[in-house]
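Heavy atoms only: backbone and side chains are in, while hydrogens, waters and symmetry mates are out. Note that this is a predicted model, so its numbers are computed, not measured.
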Amino acid sequence: MVRLRPWFAAPLLAALSGTAHGIPTLPYTTRSIGYSGWSDAVRGDIPEVGMAGAMVGLCPSFVSCLDNPAGLALTQTHPGLEITHNIVYDGQLQDGSSPVHTTMEGATFSHYPWGISMGAWEPHREGQDYLRQGTGDQFNAEVLVREYHLAVAHVFMNNHLAVGLDLTLAYGRSTLDFASTSSFKDTEGQAFAFSGGLGLQYRLPHRWILGWSYHLPMALDTSKDAPGTPGITGFHKTLHVPFRLSVGGSYIPNRYFQFGAGFYYIGPVKDAAFVEDEVPLGERMNLQPRVGASYTFLDLRELDATVSLGTYLEVSRSEVTPSRMHLTSALSVNPWVLNFGWGIDIAPQYRNYLVSFGVDVMELFEKMGVLPRQWHPPHAGLFPRMAEETEEGLPRPLVDHWVPHKETDLLKEGKKIPRRLEESVKDAPNELKNLGTDLIDAVGSVVTEPLKKKKAAPKKKPTRPRPDDHT
């Protein structure tokens with residue numbers, strides 16, 4: 001499994017968070033309550049966090065499509081591969097100077113009228129160093145939930161309705177890792193569970209989209225096969241993942257601008273708390289309003305860039321912690337077939353820093369000559385019109401007047417991929433040599449195109465009449 005570990009970012013971000021480093025003492029030596037297996041704050045990839053998780057009516061990336069799998073068939077915009085790493089500082093979850101690292105990897109594909117995605121992400125993770133009450137022994141306590149997803153969707157009713165199904169294999173783990181100087185032994189508990197989700201999207205006039213999704217709850221009991229835990233008695237317990245219900249919508253006037261909003265209901269759970277204490281968490285339903293937007297402000301042949309902004313209210317599910325208003329933003333830059341992203345989610349006692357890397361697989365195969373070159377709408381350059389309603393370049397189910405273009409039959413062309421890949425490898429040096437030239441031309445056009453539009457054609461000098469031209 002490929003993991004992106006930006007080790008250089010953690011010390012810098014800890015300094016920016018303004019928190020002091022210290023090892024807290026765990027306030028119990030016997031655990032009597034289970035754990036939360038879900039983070040109420042938005043976790044995910046660049047589009048998901050950048051737009052504050054308002055994705056029930058959208059599907060721009062792998063994790064955002066997990067909110068509503070129906071979007072894979074109706075609103076999926078950029079199929080491809082991606083890897084995203086989150087660095088989270090959450091003072092309500094654990095000590096504010098101890099970051100939580102989560103990683104997600106996923107892929108999305110579309111072949112009208114179907115859409116599919118597969119991958120893994122971590123909806124919840126917490127863990128840091130503690131001191132044991134009474135002895136002062138140092139140890140690391142951690143719990144996490146990792147989900148492996150396979151989702152598929154299909155459009156119906158003349159491209160107005162999409163239905164998506166998500167199948168989930170969840171893995172839960174709790175670990176105690178004592179320092180080498182301690183007399184207590186390390187222990188680990190693991191558990192698996194199957195779950196799933198269902199999503200719907202319906203297209204209204206002017207490309208307003210209504211969305212609805214539901215995900216089943218899960219319970220991952222890590223105590224079943226875990227050995228005794230004399231250091232912290234009964235540490236291995238059940239991780240509770242609540243049900244989630246979301247309703248909302250989106251507006252997609254063109255391929256450059258997207259707006260999303262919705263309400264996300266996080267169901268109640270019993271016998272759950274964070275690792276750092278045993279204060280009951282999640283005994284009541286949590287309603288989160290979310291809103292966000294994204295805008296592709298640069299669209300060139302070999303370079304494009306998108307900025308996202310959003311906000312959401314994280315309503316507390318604990319009696320001792322307040323609710324928090326979050327502000328989110330993200331930037332995605334895509335040179336050639338590569339995708340790079342940076343994002344941030346900030347709130348009181350909370351910071352989530354994101355970095356991502358992805359590859360547009362279809363574009364890469366086209367560049368390599370493995371797949372035939374596809375039609376692409378004209379590029380709009382710098383600052384395209386975000387409010388203008390156009391169908392050009394949108395996913396096929398969102399286009400009322402679909403004009404057939406040359407499309408790739410993936411099943412037919414897939415048989416030719418091995419032979420074409422072998423031929424492309426031989427031509428790889430030439431492709432890399434041309435890449436630099438393409439990028440320079442792309443960046444240069446940002447400056448030259450506006451100048452070309454402003455430069456008017458030279459006026460012709462009027463011909464002076466001669467004295468004898470009187471008739």
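Under the ring-ring contact (aromatic ring centres under 6.0 Å, His included) criterion, Y265 pairs with no residue, sequence neighbours left out.
Between L74 and L398, some side-chain heavy-atom pair lies under the 4.5 Å cut-off. Between E82 and D45, the closest side-chain pair of non-hydrogen atoms falls below 4.5 Å. Counting heavy atoms from C-beta outward, Q258 and R207 have side chains that stay 4.5 Å or more apart. Taking 4.5 Å as the limit, every side-chain heavy atom of P99 sits out of range of all side-chain heavy atoms of R351. When side chains are defined from C-beta on, F274 does not count as touching Q94, because their heavy atoms never get closer than 4.5 Å. In this structure the side chain of H124 never reaches within 4.5 angstrom of the side chain of Y35, judged on heavy atoms. In this structure, the side chains of Y89 and Y353 come closer than 4.5 Å at one or more pairs of heavy atoms. For the pair T84/E48, no side-chain contact is recorded, criterion being any heavy-atom separation below 4.5 Å from C-beta on.
Of the possible donor and acceptor atoms, none in the side chain of E363 sits under 3.5 Å from a partner among the backbone N and O of L338. Within the 3.5 Å criterion, the main-chain N or O of V320 finds a donor-acceptor partner in the side chain of S318. In this structure a side-chain-to-backbone donor-acceptor pair under 3.5 Å is present from T328 to G310. A side-chain donor-acceptor contact under 3.5 Å links Q92 to the backbone of P322. Side-chain atoms of R31 do not come within 3.5 Å of backbone N or O of I232 as any donor-acceptor pair. Side-chain atoms of Q76 come within 3.5 Å of backbone atoms of F109 as a donor-acceptor pair (strictly under, hydrogens ignored). With hydrogens and angles ignored, the 3.5 Å screen pairs no side-chain donor or acceptor of N68 with any backbone N or O of L58. Checking side-chain atoms of R203 against main-chain N and O of P397 turns up a donor-acceptor pair under 3.5 Å. No donor-acceptor pair under 3.5 Å is formed between the side chain of S246 and the backbone N or O of W212. Looking at T238, its side chain never comes within 3.5 Å of a backbone N or O of G34 through a donor-acceptor pair.
By the neighbour-count criterion of 12 heavy atoms within 6.0 Å, atom CZ of F192 is densely surrounded, having more than that number from other residues, nucleotides or ligands.
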Checklist entry - Under the side chain to side chain contact (heavy atoms under 4.5 Å, CB included) criterion, do L239 and T222 qualify, and how do the steps go? => result CA-CA 8 Å; L239 286 84; T222 64; 3.5 Å; yes

Item to check | Criterion side chain to side chain contact (heavy atoms under 4.5 Å, CB included) on V42 and H326, from CA distance to verdict | outcome: CA-CA 9 Å; V42 173; H326 290 247; over 6 Å; no

Next on the checklist: Between N86 and M104, does the side chain to side chain contact (heavy atoms under 4.5 Å, CB included) criterion hold? Intermediate values first, please.
Outcome noted: CA-CA 9 Å; N86 289 230; M104 54 215 67; 3.5 Å; yes

Item to check | Verdict with supporting geometry, R173 and E142, side chain to side chain contact (heavy atoms under 4.5 Å, CB included) | outcome: CA-CA 8 Å; R173 188 182 72 200; E142 182 185 73; 3.0 Å; yes

Next on the checklist: With salt bridge (Lys or Arg N to Asp or Glu O under 4.0 Å) as the criterion, how do R146 and E105 come out once you've worked through the C-alpha distance, each side chain's angles and the decisive distance to 0.1 Å?
Outcome noted: CA-CA 11 Å; R146 185 165 179 82; E105 310 90 11; 2.6 Å; yes

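Between F156 and H154, the distance from one ring center to the other falls under 6.0 angstrom.
With rounding to the nearest 0.5 Å, the separation of CD in E314 from CE in M325 is 11.0 Å. Rounding to the nearest 0.5 Å gives a distance of 6.5 Å between CD1 of I209 and OG1 of T75. With values rounded to the nearest 0.5 angstrom, F257 atom CZ is found 10.5 Å from I252 atom CD1. The CG atom of N140 sits 6.0 Å away from the CG atom of D177 when rounded to the nearest 0.5 Å.
In this model, a donor atom of one side chain and an acceptor atom of the other lie less than 3.5 Å apart for E278 and S32. Checked by atom type, the side-chain pair H149/T168 shows a donor-acceptor distance below 3.5 Å. Side-chain contact of S97 with D95: a donor-acceptor pair under 3.5 Å is present, judged by distance alone.
Nearest heavy-atom pair across L394 and V399 is O-CG2, 3.9 Å. Considering all non-hydrogen atoms of both residues, G71 and Q201 come closest at CA-OE1, 3.4 Å.
Here the options are V279, D271, D277, L281, the test is side chain to side chain contact (heavy atoms under 4.5 Å, CB included), and the partner is I33; only D271 passes. F184 pairs with exactly one of F139, F235, F178 by the ring-ring contact (aromatic ring centres under 6.0 Å, His included) rule, that one being F178.
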For residues 291-300, tabulate all N or O donor-acceptor pairs below 3.5 Å that involve a side-chain atom, not counting sequence neighbours.
{"from": "Y295", "atom 1": "OH", "to": "P384", "atom 2": "O", "distance (Å)": "2.5"}
{"from": "T296", "atom 1": "OG1", "to": "T306", "atom 2": "OG1", "distance (Å)": "2.9"}
{"from": "D299", "atom 1": "OD1", "to": "H379", "atom 2": "ND1", "distance (Å)": "3.2"}
{"from": "D299", "atom 1": "OD2", "to": "R255", "atom 2": "NH2", "distance (Å)": "3.2"}
{"from": "D299", "atom 1": "OD2", "to": "Y256", "atom 2": "OH", "distance (Å)": "3.4"}
{"from": "D299", "atom 1": "OD2", "to": "A380", "atom 2": "N", "distance (Å)": "3.1"}

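Between W121 and W38, the ring planes are perpendicular. Angles over 60° get that label, and only those under 30° would be called parallel.
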